[in-house]
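One structure is given here, and the rest of the page talks about it.
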Amino acid sequence: MASSDLTEYELKGEKEASEEEKLSEECKDLLLSLPREKGWTSHYLYLFQGFWCTANRIPCIITFINQFQAKDSDVVVASLQKSGTTWLKALTFAIMYRQRFTSFENHPLLTSNSHQLVPIFEFGIYGEMKGHFPHPSNMIDPRLFSTHIPFHALVNSIKESNCKIIYICRNLFDTFISTWIFMNKVKIDSSPMLTLDEAFEMFSKGIHAYGPWWNHMLGYWKESIATPHKVLFLKYEDLKEDVNFHVKRVAEFLGCPFTQEESSGVIESIIKLCSFEKMKDLEVNKFGALSKSIENKHFFRKAEIGDWENYLSPLMVEKLSKIIEEKLSGSGLSFRMHSSI
């Protein structure tokens with residue numbers, strides 16, 4: 001549907017899609033100029049800064065772009081949604097701050113969800129949850145943030161500084177299924193839930209939050225090759241296969257490698273503390289909530305590789321496989337297909 005067809009009634013629907021965020025007249029005028037498609041959690045997604053996002057996220061991203069100033073000591077965890085973000089945030093937090101929080105019996109991750117400890121720019125610090133997080137200028141160095149924003153759309157101070165980015169991605173089949181299930185649980189308006197077929201067609205076309213997925217992955221992938229000291233590129237499947245190796249790799253990338261004295265016990269304690277089984281069973285992740293629409297338990301479903309096999313038809317697999325091959329061709333980026341690792 002053409003953006004010029006956006007009616008006052010539809011704008012009102014977009015405005016009511018988020019109880020926390022009130023769209024300004026300037027933002028509503030901006031929406032009129034943007035391409036839009038049917039949304040996953042709200043009525044529409046808008047193509048803003050080269051990626052798809054909901055209307056209530058746009059003013060948050062604009063504020064982030066205008067206000068945030070990166071420091072060389074900053075660390076940013078980046079990802080597409082449902083790619084292992086919750087796990088990587090927990091691991092990075094535990095690794096970075098292990099000298100500050102030395103007790104694994106009384107650790108912040110035991111009483112707070114990792115999304116609360118590692119605030120996301122566009123939802124937390126500059127979004128509807130901003131009152132729950134300290135302003136970046138009041139955070140103790142080194143600061144740890146997260147984002148789902150593609151690399152090309154990050155603020156220049158992040159791209160031009162020496163701050164570090166840890167990016168995680170996942171097999172596209174599992175990413176899709178996990179995204180579809182999650183989004184239908186956290187809808188923010190009265191629009192109908194997406195069927196599997198509807199969501200698959202949209203995902204195949206790259207129409208999803210922060211997509212297209214190929215631009216998102218390739219942006220960070222290419223940057224990790226060009227500046228490996230600045231961007232560390234991880235795959236969820238690799239992390240699952242050898243978490244010990246990658247925990248050491250993350251620590252070395254961050255400039256805080258494990259000492260010989262730490263190497264066995266501390267690494268093992270971090271891995272156990274951040275494990276899916278441990279985090280899912282915590283009181284805060286059973287009954288806590290990140291916002292009115294997102295309960296912490298929504299972040300812990302199966303954490304399995306290959307669960308897509310229980311949902312996708314052979315035709316769907318064939319179609320998405322061809323798209324993946326086409327979009328990632330020549331990049332050197334590839335993913336494992338099946339559940340056995």
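Worth knowing before you read on, the calculation uses all heavy atoms, side chains too, and leaves out hydrogens, waters and symmetry mates. In this chain, residues are counted from 1 in sequence order.
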Discussion item. Test your reading of the model: is there a side-chain donor-acceptor pair from H152 to the backbone of Q49, 3.5 Å cut-off?
Written reply: yes

Discussion item. Testing the basics here: between C60 and N56, what is the closest heavy-atom pair and its distance to 0.1 Å?
Written reply: SG-O, 3.5 Å

Practice prompt. Taking the six-membered ring for Trp and the single ring otherwise, decide whether the centroids of F93 and F101 are under 6.0 Å apart.
Written response: yes

Practice prompt. Would you check if the side chain of R98 reaches a backbone N or O of V266 as a donor-acceptor pair within less than 3.5 Å?
Written response: no

Discussion item. Keeping Y97 on the side-chain end and P142 on the backbone end, is there a donor-acceptor pair under 3.5 Å?
Written reply: yes

Item to complete: Answer yes if the ring centres of F145 and F68 are under 6.0 angstrom apart, and no otherwise.
Response: yes

Item to complete: Give the intermediate values and the outcome of side chain to side chain contact (heavy atoms under 4.5 Å, CB included) for residues R143 and V75.
Response: CA-CA 6 Å; R143 306 181 301 182; V75 176; over 6 Å; no

Discussion item. If I take atom CE from residue M139 and atom CG from residue D74, how far apart are they, to the nearest 0.5 angstrom?
Written reply: 8.0 Å

Worksheet item: Just wondering, do L254 and T92 contact through their side chains at under 4.5 Å, heavy atoms?
Response: yes

Worksheet entry | Stepwise salt bridge (Lys or Arg N to Asp or Glu O under 4.0 Å) test for E252 and R249 | CA-CA 5 Å; E252 290 170 2; R249 188 180 173 207; over 6 Å; no

Item to complete: Mark yes or no for whether S103, through its side chain, and E105, through its backbone, hold a donor-acceptor pair below 3.5 Å.
Response: yes

Worksheet item: Taking atom types as modelled and ignoring hydrogens, do the side chains of Q116 and S112 form a donor-acceptor contact shorter than 3.5 angstrom?
Response: no

Worksheet item: Between the side chain of T85 and the main-chain N/O of Q81, is any donor-acceptor distance below 3.5 Å?
Response: no

Worksheet item: Can a salt bridge be assigned to the pair E201 and K38 using a cut-off of 4.0 Å between side-chain N and carboxylate O?
Response: no

Practice prompt. Please say whether the positively charged group of K164, taken as NZ for Lys or CZ for Arg, lies over the ring of F253, i.e. under 6.0 angstrom from the six-membered ring centre and within 45 degrees of the axis.
Written response: yes

Item to complete: Output, in order, the C-alpha distance, side-chain angles, deciding distance and verdict of side chain to side chain contact (heavy atoms under 4.5 Å, CB included) for I61 and Y126.
Response: CA-CA 7 Å; I61 294 170; Y126 298 107; over 6 Å; no

Discussion item. Quick one, H246 and D238 - any side-chain contact, counting heavy atoms below 4.5 Å?
Written reply: yes

Worksheet item: Are E318 and K322 close enough for a salt bridge, meaning some N to O gap below 4.0 Å?
Response: yes

Practice prompt. I would like to know whether K327 and W213 meet side chain to side chain contact (heavy atoms under 4.5 Å, CB included); could you show each step before the answer?
Written response: CA-CA 10 Å; K327 298 298 183 182; W213 50 261; 4.2 Å; yes

Worksheet item: Can I165 be reached from I225 by stepping across I, L, V, M, F, W or Y side chains whose heavy atoms are under 4.5 Å apart?
Response: yes

Practice prompt. May I ask you to decide if the ring planes of Y220 and F151 are parallel, tilted or perpendicular, using 30° and 60° as cut-offs?
Written response: perpendicular

Discussion item. Other residues, nucleotides and ligands only: do more than 12 of their heavy atoms fall within 6.0 Å of CD on E268?
Written reply: no

Worksheet item: Is E122 close to T147 at the side-chain level, that is, under 4.5 Å between some pair of heavy atoms?
Response: yes

Worksheet item: Can K235 be said to sit on top of F335's aromatic six-ring, NZ or CZ under 6.0 Å from centre and within 45° of the ring axis?
Response: yes

Worksheet item: Does some side-chain heavy atom of Y236 sit less than 4.5 Å from a side-chain heavy atom of L88?
Response: no

Worksheet item: Looking just at side-chain N and O atoms, do D307 and N310 make a donor-acceptor pair shorter than 3.5 Å?
Response: yes

Discussion item. Tell me the closest heavy-atom pair linking F233 and S224, and the distance in Å.
Written reply: CB-OG, 3.6 Å

Worksheet item: With distance as the sole criterion, is a donor-acceptor pair present between the side chains of S114 and T86 under 3.5 Å?
Response: no

Worksheet item: Taking atom types as modelled, is there a side-chain donor on T179 or K82 under 3.5 Å from an acceptor on the other?
Response: no

Worksheet entry | Step-by-step side chain to side chain contact (heavy atoms under 4.5 Å, CB included) determination, W40 to M202 | CA-CA 9 Å; W40 292 57; M202 293 168 66; 3.4 Å; yes

Worksheet item: Aromatic rings F203 and F176: how do their planes relate, parallel, tilted or perpendicular, breaks at 30° and 60°?
Response: tilted

Worksheet item: Are K240 and E237 close enough for a salt bridge, meaning some N to O gap below 4.0 Å?
Response: no

Fill in: L91 versus I270, closest heavy-atom pair with distance
CD2-CG2, 4.1 Å

Discussion item. Could you check whether any side-chain N or O of N138 sits under 3.5 Å from a backbone N or O of P134, counting only pairs where one atom can act as donor and the other as acceptor?
Written reply: no

Item to complete: Answer yes or no for R36 and F48: cation-pi contact, defined as NZ/CZ to six-membered ring centre under 6.0 Å and angle to ring axis within 45°.
Response: no

Worksheet entry | Y167-H216 aromatic ring centre distance below 6.0 Å | yes

Practice prompt. Considering non-hydrogen atoms only, spot the tightest contact between C163 and A70 and give its length.
Written response: SG-CB, 4.5 Å

Worksheet item: Can you tell me how far CD1 of I324 sits from CE of M217, rounded to the nearest 0.5 angstrom?
Response: 8.0 Å

Practice prompt. Indicate yes or no for a side-chain donor-acceptor contact from E198 to the backbone of T195 under 3.5 Å, with no hydrogens or angles considered.
Written response: yes

Worksheet item: Between I168 and G84, which heavy-atom pair has the shortest distance, and what is it?
Response: CD1-O, 4.0 Å

Practice prompt. Might you point out which heavy atoms bring P35 and W52 nearest each other, and give the distance in Å?
Written response: O-CZ3, 3.8 Å

Practice prompt. Report yes if some heavy atom in the side chain of H148 is under 4.5 Å from a heavy atom in the side chain of F51; otherwise report no.
Written response: no

Worksheet item: Is the NZ atom of K222 crowded by more than 12 outside heavy atoms at less than 6.0 Å?
Response: no

Worksheet item: Taking T227 for the side chain and E223 for the main chain, is one N or O donor matched with an acceptor at less than 3.5 Å?
Response: yes

Response to the item:
The reported gap from CG in L234 to OG in S83 (rounded to nearest 0.5 angstrom) is 11.5 Å

Worksheet item: Below 4.5 Å, heavy atoms only, C-beta onward: do W308 and V317 meet side chain to side chain?
Response: yes

Worksheet item: In Å, rounded to the nearest 0.5 Å, how long is the span from CD of E160 to CG of N162?
Response: 11.0 Å

Practice prompt. Determine whether L328 and S334 make a side-chain contact, defined as any pair of heavy atoms from C-beta on separated by less than 4.5 Å.
Written response: no

Worksheet item: What distance separates N156 CG from Q69 CD, expressed to the nearest 0.5 Å?
Response: 9.5 Å

Fill in: Contact check, side chains of H208 and L80, non-hydrogen atoms, under 4.5 Å
yes

Worksheet item: From L312 CG over to F173 CZ, what is the distance, rounded to the nearest 0.5 angstrom?
Response: 7.0 Å

